[in-house]
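Because the structure is predicted, anything quoted here is derived from the model rather than measured. This chain uses plain numbering: 1 for the first residue, then up along the sequence. Computed over heavy atoms, backbone and side chain alike; hydrogens, waters and symmetry mates excluded.
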Amino acid sequence: MNVRLKIIGFALLIFIANNIFAEQKFTKIENLKGLWRFNLGDNKKWANPNYDDSDWDAIKVPSPWEDEGYNGYDGYAWYRKEFNIDSKYLKKKLYLSLGTIDDAAEVYLNGKLIASSGSFPPNFNTAYNSKIWLPLQNNFLNQKGINSIAIRVYDDRLEGGIYSGDIGIFTSDSPLNFIINLEGTWKFQTGDNSKWMKNNFDDKSWKKLIVPSNWDWQGYNNYDGFAWYRISFDVNLEKEIYKNDLILIIGKIDDIDETYLNEKMIGSTGDLLAMPLTRNFSEGINSEYSQLRGYKINKEDLRNGRNVIAIRVYDGFQYGGIYEGPIGITTLKDYLRYITRNLDSKKKNFIEMLFDE
């Protein structure tokens with residue numbers, strides 16, 4: 001490809017991704033609306049999938065518990081629900097929607113804590129208007145048999161509980177094909193240190209966060225400032241697929257990012273240099289949070305064996321972090337097909353021509 005044409009092409013690609021990218025579409029495969037088991041009080045044993053909750057009350061979800069016979073109750077309570085997943089969906093990317101929960105919540109899947117929203121006393125912080133939407137890791141699901149969700153809730157005042165939303169399990173209808181799917185568990189640390197981009201940095205003490213999902217839902221409610229994400233993955237450069245032009249898609253980030261692959265910055269959105277240590281939240285941040293990040297990977301950027309992605313993020317207001325997918329590595333050809341699928345044929349053919357070798 002002509003070098004100048006290639007530069008124009010990638011500039012156009014960025015424009016397309018940031019301006020006419022179509023949102024992911026999802027299909028509900030398991031409806032979790034309806035009756036859940038419910039009990040007042042607080043006991044961490046209630047997260048155990050084998051716990052016998054047969055003597056618990058039945059309560060409708062979604063609905064404030066005040067409307068279900070618990071008028072005026074403020075404090076701790078637990079919800080429990082069992083479900084099955086059809087085996088045909090187990091190799092797909094699944095998402096759990098729990099709507100909005102008043103005020104703070106912890107979510108357990110088969111006994112494992114997978115997310116939190118707000119914070120519990122003594123450092124109480126409400127997240128009553130935060131929509132809980134989580135990618136489900138397949139290794140947390142029972143491949144055969146029953147799965148269990150347990151939700152610990154604390155309500156400070158007024159209405160409480162799982163009170164609104166489309167509750168269920170969804171799968172993405174996205175036609176995007178990933179060589180490497182990077183949705184799932186990443187390492188996470190608040191603060192800012194340039195050493196955190198290094199491949200040999202020891203991040204064993206960092207917290208594990210689900211990506212994509214706001215960090216506010218996972219124990220960092222109302223945190224504004226710098227933070228870093230890290231993930232490692234293996235590559236076999238002998239495979240034919242790695243001879244293609246590749247794109248790293250890291251979804252949408254609230255607000256600004258610098259993204260490093262094997263210690264090299266391969267892309268950024270927004271201007272982190274413009275962010276002072278103390279600043280007015282409304283200054284310097286525009287629409288970066290709504291932009292899809294798609295960064296080109298050069299062939300020399302990848303290493304045979306272990307590779308590391310490190311993402312430096314600055315959040316200036318409200319929710320923060322890598323909050324929406326898709327996230328992974330794909331070919332340039334598949335990326336172009338994905339982001340231009342809603343264009344008319346003339347525009348689509350022109351853009352594909354720019355990248356046709």
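The pair D234-R306 does not meet the salt-bridge criterion, since no charged nitrogen lies less than 4.0 angstrom from a carboxylate oxygen. Using a cutoff of 4.0 Å between basic side-chain nitrogens and carboxylate oxygens, R37 and D57 are not scored as salt-bridged. Between D53 and R80 there is a salt bridge, with a side-chain nitrogen of the basic residue lying less than 4.0 Å from a carboxylate oxygen of the acidic one. Salt bridge K299/D245: present, at least one basic N to carboxylate O contact under 4.0 Å.
Evaluation of the ring-ring contact (aromatic ring centres under 6.0 Å, His included) test over residues 96-116, restricted to residues two or more places apart or in two chains, returns W78-Y108.
Within 6.0 Å of atom NZ in K92, 12 or fewer heavy atoms from other residues, nucleotides or ligands are found, so the atom counts as exposed in its surroundings. Heavy atoms of other residues, nucleotides or ligands lying less than 6.0 angstrom from CD of E300 number more than 12. Atom NZ of K333 sits in a sparse spot, with 12 or fewer heavy atoms from other residues, nucleotides or ligands closer than 6.0 Å. Atom NZ of K264 sits in a crowded spot, with more than 12 heavy atoms from other residues, nucleotides or ligands closer than 6.0 Å. For K81, the NZ atom is densely surrounded, since the number of other residues' heavy atoms within 6.0 Å is greater than 12.
From E258, atom CD reaches atom CG of D271 across 8.5 Å, with rounding to the nearest 0.5 Å. Residue L209 holds its CG atom at 9.0 Å from OG1 of T185, rounded to the nearest 0.5 Å. With values rounded to the nearest 0.5 angstrom, K28 atom NZ is found 7.5 Å from S97 atom OG. Note that CG of N262 and CD1 of I297 are 9.5 Å apart. Values are rounded to the nearest 0.5 Å. Atom-to-atom distance recorded for N244:CG and I247:CD1 is 11.5 Å, nearest 0.5 angstrom. To the nearest 0.5 Å, atom CG of residue N177 and atom OG1 of residue T331 are 8.0 Å apart.
Transitive grouping of hydrophobic side chains (ILVMFWY, heavy atoms separated by less than 4.5 Å) brings I266 and V235 into a common cluster. Cluster annotation: I162 is not connected to W56 through the hydrophobic network of ILVMFWY side chains, with a link wherever side-chain heavy atoms come within less than 4.5 Å. Transitive grouping of hydrophobic side chains (ILVMFWY, heavy atoms separated by less than 4.5 Å) brings V107 and F83 into a common cluster. By the criterion of side-chain heavy atoms lying less than 4.5 angstrom apart, applied directly or through intervening Ile, Leu, Val, Met, Phe, Trp or Tyr residues, L182 is grouped together with L302 in one hydrophobic cluster. If you chain together hydrophobic residues whose side chains sit under 4.5 Å apart, F178 and V211 never meet in one group.
At distances below 3.5 Å, at least one donor-acceptor pair connects side-chain atoms of N307 with backbone N or O atoms of G305. A donor-acceptor contact shorter than 3.5 Å is absent between the side chain of E288 and the backbone of D254. Using a distance-only test at 3.5 Å, with no hydrogens or angles considered, no donor-acceptor pair links the side chain of D255 to the main chain of D315. Between the side chain of W36 and the backbone N or O of L32 there is at least one donor-acceptor pair closer than 3.5 Å. At least one donor-acceptor pair under 3.5 Å links the side chain of N110 to the backbone N or O of F140.
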Please test I151 against W46 for side chain to side chain contact (heavy atoms under 4.5 Å, CB included), starting from the C-alpha separation and ending with a verdict. CA-CA 9 Å; I151 306 176; W46 296 344; over 6 Å; no
Show, in sequence, the C-alpha distance, side-chain angles and deciding distance for N193 and F226, and conclude whether the side chain to side chain contact (heavy atoms under 4.5 Å, CB included) test is met. CA-CA 9 Å; N193 190 323; F226 284 98; over 6 Å; no
Derivation and outcome, side chain to side chain contact (heavy atoms under 4.5 Å, CB included), residues D224 and Q318: CA-CA 7 Å; D224 297 310; Q318 293 184 340; 5.8 Å; no
Checking E183 against Y95 for the side chain to side chain donor-acceptor pair (under 3.5 Å) test, could you report, in this order, the C-alpha distance in whole Å, the side-chain angles of both residues, the deciding distance, and whether it holds? CA-CA 11 Å; E183 294 187 355; Y95 301 85; 2.7 Å; yes
Does the salt bridge (Lys or Arg N to Asp or Glu O under 4.0 Å) test come out yes or no for R230 and D203, once each step is laid out? CA-CA 8 Å; R230 287 172 55 92; D203 58 18; 2.9 Å; yes
Working note: I149 + Y79, criterion side chain to side chain contact (heavy atoms under 4.5 Å, CB included); need CA distance, chi angles, decisive distance, verdict. CA-CA 8 Å; I149 298 174; Y79 293 81; over 6 Å; no
Let me see the working for Y295 and T269 under side chain to side chain donor-acceptor pair (under 3.5 Å), right down to the final yes or no. CA-CA 10 Å; Y295 300 142; T269 300; 2.7 Å; yes
CA sep, side-chain torsions, deciding dist, call: Y289, Y323, ring pair (Phe, Tyr, Trp, His ring centres under 6.0 Å): CA-CA 9 Å; Y289 73 93; Y323 71 92; 7.1 Å; no
Take T100 and S164 through the side chain to side chain donor-acceptor pair (under 3.5 Å) test and state the conclusion after the steps. CA-CA 6 Å; T100 47; S164 69; 2.4 Å; yes
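Other members of the hydrophobic cluster containing Y163, listed by chain and number, are Y128; membership follows side-chain contacts under 4.5 Å among ILVMFWY residues, whether direct or relayed.
Contact of the N71 side chain with the W65 side chain is not registered, since no non-hydrogen atoms from C-beta on lie closer than 4.5 Å. For the pair I85/I169, a side-chain contact is recorded, criterion being any heavy-atom separation below 4.5 Å from C-beta on. Taking the side chain as every heavy atom from C-beta outward, P326 and L292 approach each other to under 4.5 Å. Side-chain contact between L141 and L94: present, with at least one pair of heavy atoms (C-beta onward) separated by less than 4.5 Å. For the pair I210/P135, a side-chain contact is recorded, criterion being any heavy-atom separation below 4.5 Å from C-beta on. At a threshold of 4.5 Å between non-hydrogen side-chain atoms, the residues I253 and I311 count as touching. Residues I249 and T330 are in side-chain contact: their nearest non-hydrogen atoms beyond the backbone lie under 4.5 Å apart. A heavy-atom distance below 4.5 Å is not found between the side chains of W215 and I322.
Ring geometry for W133 against F170 counts as tilted: the plane angle lies between 30° and 60°, on a 0 to 90° scale.
Between N222 and D216, the closest heavy-atom pair is N-OD2, 2.9 Å. The heavy-atom pair separating L136 from K93 by the smallest distance is O-NZ, 4.3 Å. Smallest separation of non-hydrogen atoms from D301 and L261: CB-CD2, 3.9 Å. Here the shortest heavy-atom pairing between Y73 and L40 reads CE2-CD2, 3.5 Å. Shortest non-hydrogen contact noted between L134 and S213 is CD2-OG, 3.5 Å. Heavy-atom minimum distance, L246 versus I241: CD2-O, 4.1 Å.
S119 and N125 form no side-chain donor-acceptor contact under 3.5 Å, judged by distance and modelled atom types alone. For the residue pair S63/E68, the side-chain donor-acceptor check at 3.5 Å is satisfied.
Each of R312, K252, R293 was compared with D257 under the side-chain hydrogen bond (donor to acceptor under 3.5 Å, both in side chains) criterion, and only R293 meets it. Among W196, W228, Y229, F188, the single residue meeting the ring pair (Phe, Tyr, Trp, His ring centres under 6.0 Å) criterion with W206 is W196.
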